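Indexing begins at 1, ligand by ligand and atom by atom, following the structure's order. Just so it is clear, the model here is predicted, and its values are computed rather than measured. Atoms considered below: every heavy atom in the structure, side chains included; atoms not considered: hydrogens, waters and symmetry mates.
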Amino acid sequence: MNAFEPITLNNGVRLKNRLVMAPMTTYSGNPDGTVSDEEIAYYKERSGGVSAVITAVAYVSEHGKGFLGQFSAHEDRYIDSLRRLAKTIQSGGAKAILQIFHAGRQSPANEVPEVVGATDITSDGQPTPRALTTEEVQQIVRDFHEATRRAIEAGFDGVEIHGANTYLLQQFFSGFTNKRTDVYGEDRMKFILEVVQAVQQAKEKYANDAFIVGYRFSPEEPEEDGITMDQTLELVDVLADQPLNYLHVSQMQFDSEPRRYSGKATTRVEALQETIAGRLPLIAVGSIYSKKDLENASHIGADLLAIGRELLIEPHWVEKIQRGEQVETALDTKNPPVLPTTMFEIIKSRPGWVPMK
Ligand SMILES: Cc1cc2nc3c(=O)[nH]c(=O)nc-3n(C[C@H](O)[C@H](O)[C@H](O)COP(=O)(O)O)c2cc1C
């Protein structure tokens, strides 16, 4: 794959290259849930080189908030704020894709009226969630539909359903966190497929085929009852036949290897591509910092690559790589690039997360 070659999605939308900005939470929205000026400046700086920006995740339900300073998509009063974000990204030349989720049991207790989850299984340092009733699950499906409508009204080019990183969609798919006895426990893919359908229905009703819908997932969990690579391949096999435009695997290292897997592929991306078999494009991600990393990642068999932390370090990374210029691969904390204040503080407080000078 040549990272600078365009790609046309199955809905006819052409992306100018194979590089997209990975979704990254900024912790820097306004206290009322709107997008802040600092976030606008941050996105403006990074929307020139990549073909699409997948935004920080926005929440779809009041009890689905996952972070301090997260911007919202859960009520119509946020449409103007979201429109500002979409316009900023598009004015740089990139497609604007709003990532949407419900945090489920990962919600901080002081950010939501009540912490809810698939089951009342707690996670480290978190309060015990209340298991959602069947009716509440169905309401969250409708919340995803409504958030998609808002993204469309706000002028976004698409949405990415965030089914990764241990948030609610993943909590329903995982045997570790889903011990339900209702229909959503009997079939752990049911919630995911209903959300995909609800998003698609919003697209059909309020947008046209050019609106992009992607799905992000995490390939494996470490817990005994958690998601295995084999289970993810079963899910991906079903997702590849859904009305989606791309799949996006969430990883920290682009060439990571499967752990609990019965097949022969050496990397997770290879295993995923064997199953997807060309039905949808796959975005891979994880630790692409240098030109050499990009060359190596170009050979793993993914259709697109997402760049996260390196775009924090080098906002014009794509343009610089294309021009053959040198790039920094560690964050200059003394002379930092444009970053929202709280995001910068949180990154500095967690050594090892983002490489720092
Ligand atoms: C500051 C920060 C915030 C993140 N927030 C999100 C998020 O909102 N949604 C998501 O799916 N992944 C999120 N991630 C994960 C990234 O999308 C990406 O998968 C990960 O950082 C590995 O890619 P990288 O090595 O290019 O950074 C975040 C990562 C970072 C560093």
Side-chain angles (χ1 to χ4, degrees), residues 3 18-29 35 38-39 42-43 46 49-50 52-60 64-73 85 97-104 106-108 159-170 214-220 246-256 268-269 282-290 293-294 296-298 300 302 304-315 317-318 321 327 329-331 336-356:
R18 309 294 180 107
L19 301 170
V20 304
M21 182 166 164
M24 283 180 287
T25 290
T26 63
Y27 314 92
S28 302
V35 176
E38 278 196 323
E39 289 177 307
Y42 159 88
Y43 282 107
R46 292 171 174 81
V50 289
V53 169
I54 306 166
T55 68
V57 68
Y59 55 104
V60 304
K65 190 174 180 186
F67 311 95
L68 165 86
Q70 186 179 13
F71 58 76
S72 175
L85 177 56
I97 299 180
L98 183 72
Q99 198 188 46
I100 51 175
F101 88 159
H102 188 299
Q106 305 289 18
S107 295
V159 291
E160 177 170 286
I161 303 166
H162 188 357
N165 303 356
T166 74
Y167 299 110
L168 192 66
L169 282 151
Q170 183 173 332
Y215 191 92
R216 194 174 213 211
F217 58 92
S218 291
E220 294 192 69
Y246 71 82
L247 295 171
H248 185 178
V249 59
S250 177
Q251 305 196 88
M252 294 307 277
Q253 181 60 43
F254 62 81
D255 56 0
S256 71
R268 286 175 172 149
V269 168
L282 175 69
I283 307 180
V285 67
S287 301
I288 301 169
Y289 295 101
S290 64
D293 294 335
L294 177 62
N296 292 339
S298 299
I300 58 167
L304 293 128
L305 298 169
I307 316 290
R309 291 168 291 181
E310 181 59 25
L311 278 175
L312 303 180
I313 299 164
E314 273 281 13
W317 186 82
V318 175
I321 293 280
V327 290
T329 54
L331 188 64
V338 178
L339 283 173
T341 315
T342 310
M343 184 185 206
F344 187 40
E345 291 305 321
I346 290 181
I347 287 170
K348 280 193 293 186
S349 73
R350 293 187 198 165
W353 194 19
V354 175
M356 278 184 269

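- The ligand atoms of ligand 1 that sit less than 4.0 angstrom from a heavy atom of H162 are 9 (N), 10 (C), 11 (O).
- The side-chain tip of K65 does not point at the ring of F67 from less than 6.0 angstrom away and within 45° of straight on.
- Among protein heavy atoms, atom 8 (O) of ligand 1 sits closest to T25 OG1, 2.6 Å.
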Set out, in order, the CA-CA distance, both residues' side-chain angles and the distance that settles side chain to side chain donor-acceptor pair (under 3.5 Å) for Q251 and S256, then state yes or no. CA-CA 8 Å; Q251 305 196 88; S256 71; 2.2 Å; yes

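- What sits closest to atom 1 (C) of ligand 1 on the protein, heavy atoms only, is W353 CH2, 3.4 Å.
- In terms of protein heavy atoms, atom 29 (C) of ligand 1 is closest to M24 CG, 3.8 Å.
- Put simply, the residue from T341, T342, T26 that forms a side-chain hydrogen bond (donor to acceptor under 3.5 Å, both in side chains) with E38 is T341.
- Below 4.0 Å from some heavy atom of Q99 lie the following atoms of ligand 1, by number and element: 7 (C), 8 (O), 9 (N), 10 (C), 11 (O).
- Side chains of Q106 and T166: a donor on one and an acceptor on the other come within 3.5 Å.
- For the residue pair S287 / R309, a side-chain donor-acceptor distance below 3.5 Å is found, with atom types taken as modelled.
- Checking side-chain atoms of S107 against main-chain N and O of A103 turns up no donor-acceptor pair under 3.5 Å.
- Listed for the R46 side chain is a donor-acceptor partner under 3.5 Å among the backbone atoms of Y42.
- F101 does not count as a contact of ligand 1, since none of its heavy atoms falls under 4.0 Å from the ligand.
- In this structure, the protein non-hydrogen atom closest to atom 26 (O) of ligand 1 is G308 N, 2.8 Å.
- Contacts between V285 and ligand 1, counted as non-hydrogen atom pairs separated by less than 4.0 Å, involve the side chain only.
- Ring-plane geometry between Y27 and W353 is classed as perpendicular, the angle between the planes exceeding 60 degrees on a 0 to 90 degree scale with a lower cut at 30.
- Residue contacts with ligand 1: E310 is placed with no nitrogen or oxygen under 3.5 Å of a nitrogen or oxygen of the ligand (distance criterion only).
- Counting only non-hydrogen atoms, the option in S250, A22, P23 that gets closest to atom 15 (C) of ligand 1 is P23.
- In terms of protein heavy atoms, atom 24 (P) of ligand 1 is closest to R309 NE, 3.6 Å.
- Side-chain N or O atoms of S218 include one that pairs as donor or acceptor with a backbone N or O of N165 at under 3.5 Å.
- Results of the side-chain contact (heavy atoms from CB on, under 4.5 Å) test with V269 over I300, V285, D255, I283 single out I300 as the only residue that passes.
- Residue contacts with ligand 1: S287 is included, with a non-hydrogen atom under 4.0 Å away.
- Y167 has its ring centre less than 6.0 Å from the ring centre of H162.
- Listed by number with element, the atoms of ligand 1 under 4.0 angstrom from any heavy atom of V57 are 8 (O).
- In I347, neither the side chain nor the backbone holds a heavy atom less than 4.0 Å from any atom of ligand 1.
- Under 4.0 Å from ligand 1, the heavy atoms of Q251 that appear belong solely to its backbone.
- In terms of polar-atom proximity, defined here as any N/O pair under 3.5 Å, A56 makes no such contact with ligand 1.
- The residue among M252, R216, E160 with a heavy atom at the shortest distance from atom 10 (C) of ligand 1 is R216.
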